[in-house]
Amino acid sequence: MNSIVLSGIWGVIMMFTGLLSKQPVTTRAMALLGSLGLLVVNILELSGYTIFSFDARGMITPDNFSLLFNCIASAGTLVYFLLSGRDMEKVGKDVSEYYALLFFVLCGVSIVSTYSTLLLLFLGIEILSIPLYILTGSDRLNLKSNEAALKYFLMGAFSTGLMLMGIALIYGAKGSFSMDVIGANNTTLTPMMSAGLLLLLFSLAFKVSAAPFHFWTPDVYDGAPGVFTSFMATIVKAAAFIAFIRLFKGCFLEMQAQWQLIVAIITAATLLIGNITAVFQQSVKRMLAYSSIAQAGFMMFAIVALNPMALEGLLLYTAAYSLATIGIFAVLIRMKDYTFEGFNGMGKHHPVLAASITVFTLSLAGIPATAGFMAKFYMLFSAVSTGKLLWLVILGVVCAAISAYYYFRVIQAMYFKDGPKQEIETNWRFRTVLVASAVFIVFLGLFPGWLIDKLYLFF
Amino acid sequence: MLPVLLIAIPLITGVIGFFIRNDKSARTWSLLSSLATLVVALLGAFGKYEVDALHKEIEWLPSLGSSFSVTLDGMGKLLCLLTGLSFPAIFTATWKHGYSKAYNFYALMLLSQAGLMGVFLAYDALLFYFFWELALIPAYFLCSIWGGEKRIPVTFKFFVYTFLGSLLMLIAIIYLYTKTPNQTFSLESFYKISIPNPDQLWLFWLMFLAFAVKMPIFPFHTWQPDTYEQSPTATTMVLSGVMVKMGVFGLIRWLIPILPVGSWAWGDTVSIMCVTGMIYASLIAMRQDDLKRLIAYSSIAHVGLMCLAVFATDKVGMQGTMIQMFNHGINIIGLWIVVELIERQFGTRKMSELGGIAQKAPVLSILLVIVALANVALPLTNAFVGEFMMFTGVFSSNVSKFNVVFAVCALLTVILSAVYTLNMLQKVLYGNTSARTENGIEIRRNESFVLAVLVVVILMIGVYPKPMLELTQTTVDTIISKMITKHP
């Protein structure tokens, strides 16, 4: 609850910062202060101190899972601001508006992780998405950016419409918007309930870019300015997953046997489409867009399984995936050549950057001793624990092996091929944060308990 | 404490090695580190210790039921000794080989040693998987940076092939974990699982594929000859000398005792694959001109025999396999050292371009002949002990109707191995000198010293194998007894 209020207020403060100060330094400093404040406020709430509390009439129930995810999201945003803050200034003049919009997105993230009524699910998803439509089109003179923004907006609005219809049908079936009422004794699948469930499933699948609702992702991620793609592909997707699992765990857990197969098929399609298309990409940016679909496929395992392992695994996965992708994008957006050839010889010219990118790609590929491996392990584990759907696990594993191909292409280009020196301007602060993120990923890969145990006991 | 040291020494020295910028100091540093590891391995293998000193368990992931549990048991002692012995031998023999950015090379070699030690010591399934993959990553970088011309696609194929196999093994490990009585990953609880027979049939393949790709067994062997050819010779020594044993070791410790019914059910299929691979590889070896490819194919044949003996699940046979893992490692490293020396001096690996080296470098020739005859398993050499025990095991095994057929076919390959080995010796060492070998000189002191040490080990074990037998006796008894209880 803290973060909902704070992020909303801070968004407005950021807007006015642009009015009062023309120095980008001030805007950046305020943004950093804001994200740090969000992290602190979430930690405080985890320890029991709710600073901004209001009577939500039972519509918002923050529990350890949501608050820990909020911490991950705010920490991820902090790292994102530290690494990519300056690159936002290159997109356009209205830097403080960009920051304001990002804070509004964070407000949506906080709502979407703590809701306990379907109305707030809708509200949170909308608050999450609308600033993103604007941010996608913020490179106003670029035709691709405009196209991406329109595509995103139209398809997003359509999917939100589906969600609203789904919510209405469920209200018709159960008589209440509250998840406690809907989820209680929800074992029989009446036609109205199943229609509502399917519509909600499809609209949320759109938001997390699961196949076959993923078609907007590559164009939008490619067309949007790289800085914002970084945020969209990580924090926003993670938040959508948290909304997804919260919805299904809260309302449809008891009828899991009915919908598990459909979600499993969606997962399988996502894994296959994401991985196989990523293999054929020539541009690293587009490869990362498709790889985010593939990673989404892995995160869908949590929805398929819906056991305690799945929850822990999803948290770990969002942390690992967000950090690694933010790190790679932070370097990618400072490069002029987005293709694989652009990475040639980076091991020699920019050794620190190359080493960090190696750690990030190894984590995304799922090599042991990185957080990405532990996250994939938890996902496989939760799926195998269900006792059925072994075919899905084997498919996931085969796709993970396929993913090694396109992730290792980056490492190969950097270390085993020679190329001209790319001008990548970084200062020591950027490199320190990048190396610290890489070290943290290895730490989390060896001791995932550090994060997972906080789910049960924060201090 | 000892097992932790075996992993920690190469790991820490390897990480430090990345920061030593001077090539010569990096070389010395890595040699010293590998010698230290060798001393610890010798102590572990032959010293008399309390059981506690050879076991260490640290809490790692209690919520998952996994702990950092390492133990030095009979088979582990033998294989750690092999690993401890090979790395100083490799470093000494390739002392003069100039690598660009050598500090990275030596650091990666040490890291791969740490990974290999971990595989042989791990008593926890998740830890085993961790080290299994971690041993692969330095090998990938080693082959890709310092290898031959076609190294990048070849190494990539090697990596993805092995990675896929390991991931399938991961699924099997997770599935087995869910069936353990107390929800842990430890080896002891895995040994207590009882899986219904129908499930064992497909679980077997999930686990076996990882080992089949690693060893490799026909038809999963296609990555091996190219990768051995394209890697720098020092890495090939590690790959064929030690990493291959990871596969056989995995069979003996992690697959056969846990899924015995599956192993018996699929034993014939696997034996057919092994024997086919052995004959196929030996025939191809006979047609090879390139020394590296010849030894690569010969290695497939040898490992095929080891796998065959494991699936015969006979006490003598299994003990023979354990000893042969050590022997084959020593022999093949010796062969690779000779290949490296020949290539460095004469610039070619093709037998058609060599000849008459015996006249120019007699010491090299004597040592090569002994190591090559060990490869053929001539009596008095170590490989004879191992192969004799393995063939006894296959012949007298009572789990298969066709064991005599398998034994006869496998014995055929021994004859074939004699053919291509003696042919190789004749072409390389005897006859007239060719244009390239006319100005050949004797090998250096350090190189002949390493080969001499290996030859001494070969002959010693060939004549007095008792210490090896004693090391592995308890392990074999434990494993066979576990399996007998589950025999349907």
Side-chain angles (χ1 to χ4, degrees), chain A residues 279 307-309 312-313 347-348 351 355 358 362 365-370 373-374 376-387 390-409 411-417 445-453 455-456, chain B residues 18 59-66 68 101 104 111 115 118 126-137 140-141 143-147 151-153 155-157 159-179 183 185 199 202-203 205-206 209-210:
Chain A
V279 165
N307 45 29
M309 272 308 212
E312 296 172 3
K348 216 186 309 176
T358 309
L362 288 178
I367 304 292
T370 59
F373 165 71
M374 273 299 170
K376 281 201 165 82
F377 176 75
Y378 267 89
M379 287 298 162
L380 292 175
F381 198 49
S382 66
V384 173
S385 309
T386 60
L390 206 61
W391 60 270
L392 188 61
V393 182
I394 296 184
L395 183 69
V397 148
V398 170
C399 287
I402 298 177
S403 76
Y405 172 74
Y406 53 82
Y407 285 129
F408 271 73
R409 268 181 82 179
I411 301 184
Q412 281 180 341
M414 289 196 298
Y415 285 110
F416 311 147
K417 298 201 177 136
L446 295 173
F447 305 106
W450 182 84
L451 185 63
I452 307 262
D453 291 340
L455 191 54
Y456 303 108
Chain B
F18 276 116
E59 244 200 21
W60 179 35
L61 295 170
S63 57
L64 283 177
S66 169
F68 185 91
K101 294 223 173 142
N104 283 337
L111 287 179
L126 189 57
L127 193 65
F128 171 72
Y129 179 80
F130 230 79
F131 279 116
W132 180 273
E133 292 287 5
L134 282 179
L136 188 59
I137 299 284
Y140 171 73
F141 279 100
C143 300
S144 294
I145 302 182
W146 288 278
R151 61 193 190 278
I152 297 183
T155 317
F156 201 46
K157 177 178 176 182
F159 180 79
V160 177
Y161 223 138
T162 320
F163 192 48
L164 181 60
S166 327
L167 283 173
L168 290 172
M169 180 172 71
L170 183 63
I171 301 180
I173 291 179
I174 299 178
Y175 187 88
L176 288 170
Y177 165 90
T178 55
K179 302 285 179 206
Q183 302 287 297
F185 277 102
D199 288 343
W202 53 263
L203 262 176
W205 280 106
L206 279 181
L209 279 173

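Excluded from the calculations below are hydrogen atoms, water molecules and symmetry mates; all remaining heavy atoms, backbone and side chain alike, are included. Chain letters run A, B, ... following the sequence lines, proteins first, then strands; residues in each count from 1.
- With hydrogens and angles ignored, the 3.5 Å screen pairs no side-chain donor or acceptor of B:Trp60 with any backbone N or O of A:Phe447.
- A donor-acceptor pair under 3.5 Å is formed between the side chain of B:Arg151 and the backbone N or O of B:Ser144.
- Partners of B:Ser166 by side chain to side chain donor-acceptor pair (under 3.5 Å), not counting sequence neighbours, listed by chain and number: B:Trp132, B:Glu133.
- Considering only heavy atoms from C-beta on, B:Leu168 stays 4.5 Å or farther from B:Trp205 through its side chain.
- Every residue two or more places apart in sequence or in another chain that forms a side chain to side chain contact (heavy atoms under 4.5 Å, CB included) with B:Phe18 is listed here: B:Asn104, B:Ala107, B:Leu108, B:Leu111.
- Between A:Phe373 and B:Tyr129, the ring center distance clears the sub-6.0 Å criterion.
- With a 4.5 Å cut-off on non-hydrogen atoms, A:Ser403 does not touch chain B at all.
- In this structure, chain A has a heavy atom under 4.5 Å from the side chain of B:Trp202, while its backbone stays farther away.
- Put simply, of A:Ala383, A:Ala404, A:Gly366, the one with the most heavy-atom pairs under 4.5 Å next to chain B is A:Ala404.
- With a threshold of 4.5 angstrom between heavy atoms, B:Leu136 does not approach chain A through any atom at all.
- Contact of B:Tyr177 with chain A is made through the side chain alone, with heavy-atom distances under 4.5 Å.
- Only the side chain of B:Leu126 comes within less than 4.5 Å of a heavy atom of chain A; its backbone N, CA, C and O stay farther away.
- The residue among A:Gly396, A:Ala401, A:Gly387 with the most heavy atom pairs within less than 4.5 Å of chain B is A:Ala401.
- Interface remark: A:Leu390 contributes side-chain atoms only to the contact with chain B (heavy atom separation under 4.5 Å).
- Inter-residue side-chain proximity for B:Thr155 and A:Phe416 is flagged as unmet; no heavy-atom pair is nearer than 4.5 Å.
- For A:Ile411, the part sitting under 4.5 Å from any heavy atom of chain B is the side chain, from C-beta outward, and nothing else.
- Donor-acceptor pairing under 3.5 Å is recorded for the side chains of B:Tyr140 and A:Gln412.
- Taking chain B as the reference chain and counting heavy-atom pairs below 4.5 Å, the highest number among A:Pro368, A:Pro448, A:Ala400 is found for A:Pro368.
- Of the atoms belonging to B:Leu61, it is side-chain heavy atoms, and not backbone ones, that fall under 4.5 Å from chain A.
- Of the two parts of B:Ile152, the backbone and the side chain both hold a non-hydrogen atom closer than 4.5 Å to a non-hydrogen atom of chain A.
- A donor-acceptor pair under 3.5 Å is absent between the side-chain atoms of B:Tyr161 and the main chain of B:Phe156, judged by distance alone.
- Options B:Thr178, B:Ile173, B:Leu206, B:Leu164 differ in how many heavy-atom pairs under 4.5 Å they form with chain A, and the most are formed by B:Leu164.
- Within the 4.5 angstrom heavy-atom criterion, only backbone atoms of A:Ala365 (N, CA, C, O) approach chain B.
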